[in-house]
Number of protein chains: 2
Amino acid sequence: MGEVAGLLRRAGLRPTTQRRIIVTDLIDRTGTPTALELHALLRDAGHRVGLSTVYRTLGALAEAGVVHTFPRRNEVAFRRCADGPHQHLICLSCGRIEDLAPPQLDAAAGSLAYPAGFTVQGRRTDVYGVCAAC
Amino acid sequence: MGEVAGLLRRAGLRPTTQRRIIVTDLIDRTGTPTALELHALLRDAGHRVGLSTVYRTLGALAEAGVVHTFPRRNEVAFRRCADGPHQHLICLSCGRIEDLAPPQLDAAAGSLAYPAGFTVQGRRTDVYGVCAAC
DNA sequence: ACCACAATTGACAACCGTTATCGGTATCAA
DNA sequence: TTGATACCGATAACGGTTGTCAATTGTGGT
Ligand SMILES: [Mn+2]
Ligand SMILES: [Mn+2]
Ligand SMILES: [Zn+2]
Ligand SMILES: [Zn+2]
């Protein structure tokens with residue numbers, strides 16, 4: 001079983017033709033497209049996937065934690081999520097997103113004291129700024 | 001000039017009657033309502049504010065950094081933003097949100113090394129878990 | 001291989017939170 | 001006070017997302 005099919009299985013999804021197309025694209029792509037944008041990109045690349053399927057698959061992958069969601073104005077963008085703890089570097093000028101996973105991230109986060117009774121299950125940090133290219 | 005009017009002025013907004021009503025409510029409220037929800041809450045409280053004004057005001061306050069936005073499924077919730085750096089504790093069970101501003105937050109964040117050329121302008125950390133009440 | 005059945009797909013319609021319009025009103029500096 | 005300007009709000013329009021459902025596909029058992 002290949003990487004793509006395994007990723008889908010782990011997310012509890014049958015590795016169908018359309019889902020393989022979507023996941024393969026997400027793995028290769030460095031950008032952060034919306035469902036609408038990804039649908040257009042796939043069609044332009046010669047693939048045939050319905051818009052509903054793109055929405056359903058991205059939603060399922062997000063729920064499974066395979067992709068992270070990035071809210072825009074009245075729409076949502078999706079990006080393959082890096083393995084392990086990481087932060088997102090988001091350029092306010094060009095919109096580019098990078099993943100940053102410094103080794104000391106775990107230690108820094110763990111040293112913070114949370115209110116008694118609060119059970120931490122997940123954490124997300126987005127850093128906004130201007131990238132080197134801009 | 002009162003606290004409410006000053007806050008509006010700092011955000012570059014005229015302190016109109018409707019904006020005072022909205023900001024006063026946001027300061028007192030501990031919840032995190034959407035524009036639609038806040039509009040209903042204000043009407044139920046006897047105030048008269050148009051839905052468009054609620055949307056416009058919340059959008060302007062968010063852009064000014066006075067409130068933080070919390071995306072939900074196909075809608076956005078708003079919450080008065082705490083002064084200074086802080087994290088958000090979000091309960092996955094009841095949806096309650098708390099602000100956490102530990103003193104060591106600045107130091108921990110500043111110790112991370114970012115890629116050369118990336119200028120940090122803002123940061124946001126959301127911690128997900130289950131609160132003490134749940 | 002074959003089969004039966006549940007899961008999935010996709011064209012299309014509907015939904016609904018948000019934004020655009022625009023005539024009337026409130027704010028504020030001069 | 002007054003004129004210029006910002007703002008309000010009822011309503012219409014917009015558009016990203018979700019629901020529908022007949023046709024198709026993936027899968028495990030035979
Ligand atoms: Mn990520
Ligand atoms: Mn906040
Ligand atoms: Zn950039
Ligand atoms: Zn809770």
Side-chain angles (χ1 to χ4, degrees), chain A residues 1-2 4-25 32-64 66-67 69-79, chain B residues 1-2 4-25 32-64 66-67 69-79:
Chain A
M1 176 175 305
V4 172
L7 192 154
L8 284 167
R9 280 256 135 82
R10 258 175 276 128
L13 301 173
R14 284 189 182 177
T16 66
T17 302
Q18 294 83 358
R19 286 171 178 165
R20 287 171 193 270
I21 292 171
I22 293 171
V23 168
T24 299
D25 183 280
T32 308
T34 66
L36 234 33
E37 290 167 352
L38 181 56
H39 178 250
L41 289 167
L42 293 176
R43 288 200 78 82
D44 292 349
H47 296 115
R48 201 162 309 171
V49 183
L51 179 57
S52 297
T53 300
V54 175
Y55 272 107
R56 275 189 302 242
T57 301
L58 288 175
L61 291 175
E63 191 152 4
V66 175
V67 299
T69 59
F70 295 84
R72 294 188 194 164
R73 164 176 296 234
N74 286 354
E75 58 191 339
V76 182
F78 298 84
R79 178 185 178 79
Chain B
M1 177 176 303
V4 172
L7 193 154
L8 284 167
R9 281 255 137 82
R10 259 174 275 130
L13 302 172
R14 284 187 182 176
T16 66
T17 301
Q18 294 82 0
R19 287 171 177 165
R20 287 171 192 269
I21 292 171
I22 292 172
V23 168
T24 300
D25 184 279
T32 308
T34 66
L36 235 32
E37 289 167 353
L38 181 57
H39 178 250
L41 288 166
L42 292 177
R43 287 201 77 83
D44 293 350
H47 295 116
R48 202 165 307 172
V49 183
L51 179 57
S52 298
T53 299
V54 175
Y55 272 107
R56 275 190 301 244
T57 301
L58 288 175
L61 292 175
E63 191 152 4
V66 175
V67 300
T69 59
F70 295 84
R72 296 187 193 165
R73 163 174 297 232
N74 287 354
E75 57 190 343
V76 182
F78 297 84
R79 179 186 177 78

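By convention in this document, chain letters (A, B, ...) are assigned in the order of the sequence lines, proteins followed by strands, and residues within each chain are numbered from 1.
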Novice: Rounded to whole angstrom units, what separation is found between the CG atom of A:Leu51 and the C1' atom of D:dT20?
Specialist: 15 Å

Novice: For the pair made of CD in B:Glu75 and C1' in D:dT18, what is the distance, rounded to whole Å?
Specialist: 14 Å

Novice: Would you indicate, yes or no, if D:dC8 has its OP1 or OP2 atom less than 4.0 angstrom from a side-chain nitrogen or oxygen of B:Ser52?
Specialist: no

Novice: Would you kindly compare B:Gly12 and B:Arg43 by the position of their nearest DNA chain D nucleotide and give the one closer to the 5′ end?
Specialist: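 Here B:Gly12 is the residue nearer the 5' end.
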
Novice: Just call it for B:Thr17: base, sugar-phosphate, or nothing, with non-hydrogen atoms closer than 4.0 Å on any strand.
Specialist: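 Sugar-phosphate only.
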
Novice: Round to a whole Å and report the spacing from CG of B:Leu13 to P of D:dC7.
Specialist: 7 Å

Novice: Tell me whether B:Glu63 at atom CD has more than 12 heavy atoms from other residues, nucleotides or ligands lying less than 6.0 Å away.
Specialist: no

Novice: Measuring from A:Thr17:OG1 to A:Arg48:CZ, what's the distance to the nearest 0.5 Å?
Specialist: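 One finds 12.5 Å between OG1 of A:Thr17 and CZ of A:Arg48.
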
Novice: At under 4.0 Å, does any side-chain N or O of B:Arg73 touch on OP1 or OP2 of D:dT18?
Specialist: yes

Novice: Hey, which of these two, B:Arg14 or B:Ala35, hits DNA chain C nearer its 5' end, going by closest nucleotide?
Specialist: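 Counting from the 5' end, the first nearest nucleotide belongs to B:Ala35.
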
Novice: Give the intermediate values and the outcome of side chain to side chain contact (heavy atoms under 4.5 Å, CB included) for residues B:Phe78 and B:Thr69.
Specialist: CA-CA 5 Å; B:Phe78 297 84; B:Thr69 59; 3.7 Å; yes

Novice: Can you tell me how far P of D:dG15 sits from CG of B:Asn74, to the nearest Å?
Specialist: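 Whole-Å distance recorded here is 16 Å.
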
Novice: Name the pairs: protein N/O against N/O of nucleotides 28-30 of chain D, kept only if under 3.5 Å.
Specialist:
none

Novice: Is the side chain of A:Arg9 donor-acceptor paired with the backbone N or O of A:Pro15 at a distance under 3.5 Å, no angle test?
Specialist: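 No.
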
Novice: Taking only side-chain N and O atoms of B:Gln18, does any of them lie within less than 4.0 angstrom of OP1 or OP2 on D:dG9?
Specialist: yes

Novice: Work out which heavy atom in B:Ile22 is nearest to a heavy atom in B:Val54; give both atom names and the distance.
Specialist: CD1-CA, 3.9 Å

Novice: Return whichever of B:Thr57 or A:Pro15 has its heavy-atom-nearest nucleotide of DNA chain D closer to the 5' end.
Specialist: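 It is B:Thr57, whose closest nucleotide lies nearer the 5' terminus.
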
Novice: Could you point out which residue of A:Leu38, A:Thr34, A:Leu36 forms a side chain to side chain contact (heavy atoms under 4.5 Å, CB included) with A:Tyr55?
Specialist: A:Leu36

Novice: Rounded off to whole Å, could you give me the CD-to-C1' distance for the A:Glu63 and D:dT18 pair?
Specialist: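 Going from A:Glu63 (CD) to D:dT18 (C1'), I get 15 Å.
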
Novice: Roughly how many Å is it from CZ in A:Arg20 to C1' in D:dT25, rounded to a whole number?
Specialist: 13 Å

Novice: Rounded to whole angstroms, how far apart are CD1 on A:Ile21 and P on D:dT25?
Specialist: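 Result: 13 Å.
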
Novice: Using a 4.0 Å cut-off to any heavy atom of chain B, which nucleotides of DNA chain C are the first and last in contact, reading 5' to 3'?
Specialist: C:dG17 to C:dC28

Novice: To the nearest 0.5 Å, what is the distance between CG (B:Leu7) and CG (B:Leu13)?
Specialist: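 Reported value, rounded in 0.5 Å steps: 9.0 Å.
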
Novice: Once you round it to whole Å, what is the distance between P of D:dT17 and CZ of B:Arg72?
Specialist: 18 Å

Novice: Would you say A:Tyr55 reaches D:dT17's phosphate, i.e. side-chain N/O to OP1/OP2 under 4.0 Å?
Specialist: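 Yes, within the criterion.
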
Novice: Which part of the nucleic acid does B:Arg48 contact within heavy-atom distance under 4.0 Å: base, sugar-phosphate only, or nothing?
Specialist: sugar-phosphate

Novice: Measure the spacing between NE2 of A:His39 and CG of A:Asp44 and express it to the nearest 0.5 Å.
Specialist: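 A:His39 NE2 to A:Asp44 CG: 10.0 Å, rounded to 0.5 Å.
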
Novice: What distance do A:Ile21 atom CD1 and A:His47 atom NE2 have between them, rounded to the nearest 0.5 Å?
Specialist: 5.0 Å

Novice: OP1 or OP2 of D:dC8 versus the side-chain N and O atoms of B:Arg19: is any pair under 4.0 Å?
Specialist: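 The answer is yes; a side-chain N or O of B:Arg19 sits under 4.0 Å from OP1 or OP2.
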
Novice: For B:Val49 and B:Arg43, which heavy atoms make the closest approach, and how far apart are they?
Specialist: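 Minimum heavy-atom contact is O-NH1, 4.1 Å.
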
Novice: Any N or O donor-acceptor pair under 3.5 Å from the base of D:dG9 to the side chain of B:Arg56?
Specialist: yes

